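Beneath this line is the structure, given in structure tokens, with notes to follow.
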Amino acid sequence: MNSFYSRRAGCSVRWQDLPGSGDPVVFIHGLGCASSYEYPRVVCDPNFGARRAILIDLPGSGYSDKPEHYSYKTGDQARVVAELLDNIGVKTFWLYGHSMGGSIAIETAILMQARLNGLIVSEPNFHAGGGMFSRSIAAQSEPQFVEHGYAQLLAAETSAWAGSLQSNAPFAVWRGATSLVEGASPDWEAQFLSLSCPITLIFGELSLPDKDVDSLKGKGVAVKIIPAAGHSMSWENPSALAQTLSDCLTGKKQPA
């Protein structure tokens, strides 16, 4: 585990740099998650192809520090990712982000597109309004969520998400969820479509049908589907996600 002091976040950010060949794939996790929890199984899968991978725990999550003074907005998290990659001297890279991490990855890509080989996002937030979890969290006040809502959410959660949620600061979860509900300007879809590098959207088969998939397919975006998985594809079908990411990096098309 590596550590870097982020001036933007005012805290230490921690990440894993797993050795392998080629330009690194940088992983950004979603709300209540941590890359150190979610992605080792994916990048160690033979289907991933022994590529170098950088797994970042965002401020507020996992092994990284959890300062109370920090905003946890998607735009600020994107700037922390860019700050980290600058600090460790990454010249060119691939970027993958899931859910809220997909939105953060889009904003990171805008900041760093001159060095970006390609952007891959899985089930990101493309528009303001949030998803089911972020809306329910943001509907509470921050004190309400910190004092009661976080514990209730954790007690009710029966999926593997509970494991990583425990590593997140409650106020960081609330502020991240609120940022998703507030959205970005331009919105994340417009930013995504403005990129000149290759862009790919990944969805779990069990998350379909979805209007964003249909809309972006119609706009020429490459869409790949993870079989036998829904939103939590990294632990529902990690081997298929590893293979799909490898296909994205090599330009291999998914069978129709």
Side-chain angles (χ1 to χ4, degrees), residues 1-4 13-30 33-58 61-64 80-99 101-102 104-106 108-109 112-124 160 163-164 167 195 197-205 222-255:
M1 182 65 65
N2 303 288
S3 183
F4 153 75
V13 178
R14 297 180 175 88
W15 81 98
Q16 294 166 294
D17 191 340
L18 303 181
S21 61
D23 290 336
V25 184
V26 177
F27 285 76
I28 305 178
H29 61 82
C33 296
S35 293
S36 59
Y37 175 91
E38 191 164 356
Y39 297 123
R41 171 64 181 83
V42 175
V43 301
C44 291
D45 193 283
N47 288 337
F48 188 66
R51 293 178 169 86
R52 182 185 175 194
I54 295 174
L55 314 185
I56 301 172
D57 284 356
L58 296 167
S61 307
Y63 289 103
S64 288
V80 169
V81 173
E83 184 186 18
L84 188 155
L85 296 177
D86 283 341
N87 183 267
I88 63 176
V90 172
K91 302 298 184 184
T92 53
F93 62 98
W94 297 84
L95 188 56
Y96 169 74
H98 172 66
S99 195
I104 294 168
I106 291 168
T108 304
M112 306 191 76
Q113 52 188 312
R115 291 151 58 185
L116 188 61
N117 294 331
L119 172 63
I120 308 157
V121 293
S122 59
E123 302 197 18
S164 59
S167 77
L195 291 165
C197 67
I199 55 174
T200 306
L201 173 63
I202 297 176
F203 251 74
E205 176 186 25
V223 177
K224 295 181 180 289
I225 306 301
I226 305 297
H231 190 68
S232 303
M233 59 191 73
S234 65
W235 56 73
E236 292 172 334
N237 199 343
S239 290
L241 178 57
Q243 183 63 65
T244 299
L245 291 172
S246 178
D247 291 347
C248 291
L249 306 184
T250 59
K252 183 178 178 181
K253 293 183 178 179
Q254 191 175 50

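Quick note: residue numbers are just sequence positions, from 1. Since the structure is predicted, the reported quantities are computational estimates derived from the model, not experimental observations.
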- prompt: Does Gly204 offer a backbone N or O that forms a donor-acceptor pair with the side chain of Glu123 under 3.5 Å?
  reply: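 Answer holds: yes.
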
task: For Thr244 and Ala240, indicate whether the former's side chain and the latter's backbone hold a donor-acceptor pair under 3.5 Å.
output: yes

Passing option when Gln243 is tested against Asn47, Asn237, Ile226 for side-chain contact (heavy atoms from CB on, under 4.5 Å):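 Per the side-chain contact (heavy atoms from CB on, under 4.5 Å) rule, the option paired with Gln243 is Asn47, out of Asn47, Asn237, Ile226.
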
Results of ring pair (Phe, Tyr, Trp, His ring centres under 6.0 Å) for Tyr37 - residues two or more places apart only: none

query: Mind checking what makes ring pair (Phe, Tyr, Trp, His ring centres under 6.0 Å) contact with His98, not counting sequence neighbours?
result: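 Here the qualifying residues are His231.
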
- request: Output every pair passing salt bridge (charged side-chain N to carboxylate O under 4.0 Å, His left out) with a member in residues 229-245, not counting sequence neighbours, ordered by first then second residue.
  value: none

task: May I have all residue pairs that pass salt bridge (charged side-chain N to carboxylate O under 4.0 Å, His left out) and include part of residues 33-53, sequence neighbours excluded?
output: Asp17-Arg52, Arg41-Asp45

field: Listed partners of Ser64 passing side-chain contact (heavy atoms from CB on, under 4.5 Å), at least two apart
entry: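 side-chain contact (heavy atoms from CB on, under 4.5 Å) check on Ser64 returns Val13, Arg14, Asp57.
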
Do [X] and [Y] have side chains that get closer than 4.5 Å, going by heavy atoms?
{"X": "Leu95", "Y": "Ile28", "result": "yes"}
{"X": "Thr108", "Y": "Leu119", "result": "no"}
{"X": "Phe93", "Y": "Ile54", "result": "no"}
{"X": "Leu18", "Y": "Phe48", "result": "no"}
{"X": "Leu245", "Y": "Val25", "result": "no"}

Who passes side-chain hydrogen bond (donor to acceptor under 3.5 Å, both in side chains) against [X], sequence neighbours left out?
{"X": "Asp23", "answer": "Thr92, Asn117"}
{"X": "Asp86", "answer": "Arg115"}
{"X": "Glu83", "answer": "Ser6"}

How close do [X] and [Y] get, heavy atom to heavy atom, and via which atoms?
{"X": "Ser122", "Y": "Met233", "answer": "CB-SD, 3.8 Å"}
{"X": "Gly49", "Y": "Ser21", "answer": "O-OG, 4.3 Å"}
{"X": "Ser61", "Y": "Cys33", "answer": "CB-O, 3.4 Å"}
{"X": "Leu116", "Y": "Ala109", "answer": "CD2-CB, 3.4 Å"}
{"X": "Ser35", "Y": "Pro40", "answer": "O-CD, 3.4 Å"}
{"X": "His29", "Y": "Leu58", "answer": "NE2-N, 3.0 Å"}

field: Spacing of CG belonging to Leu201 relative to CD1 belonging to Ile120, to within rounding of 0.5 Å
entry: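 Here the rounded value is 11.0 Å.
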
- prompt: Which distance, rounded to the nearest 0.5 Å, do you find between the CE of Met1 and the CG of Leu55?
  reply: 8.0 Å

message: Counting only heavy atoms from other residues, nucleotides and ligands, does the tally under 6.0 Å from CZ of Phe4 exceed 12?
response: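 Yes, enclosed.
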
task: Describe, in one word, how the ring planes of Tyr96 and Tyr39 are oriented to each other, choosing from parallel (under 30°), tilted (30 to 60°) and perpendicular (over 60°).
output: perpendicular

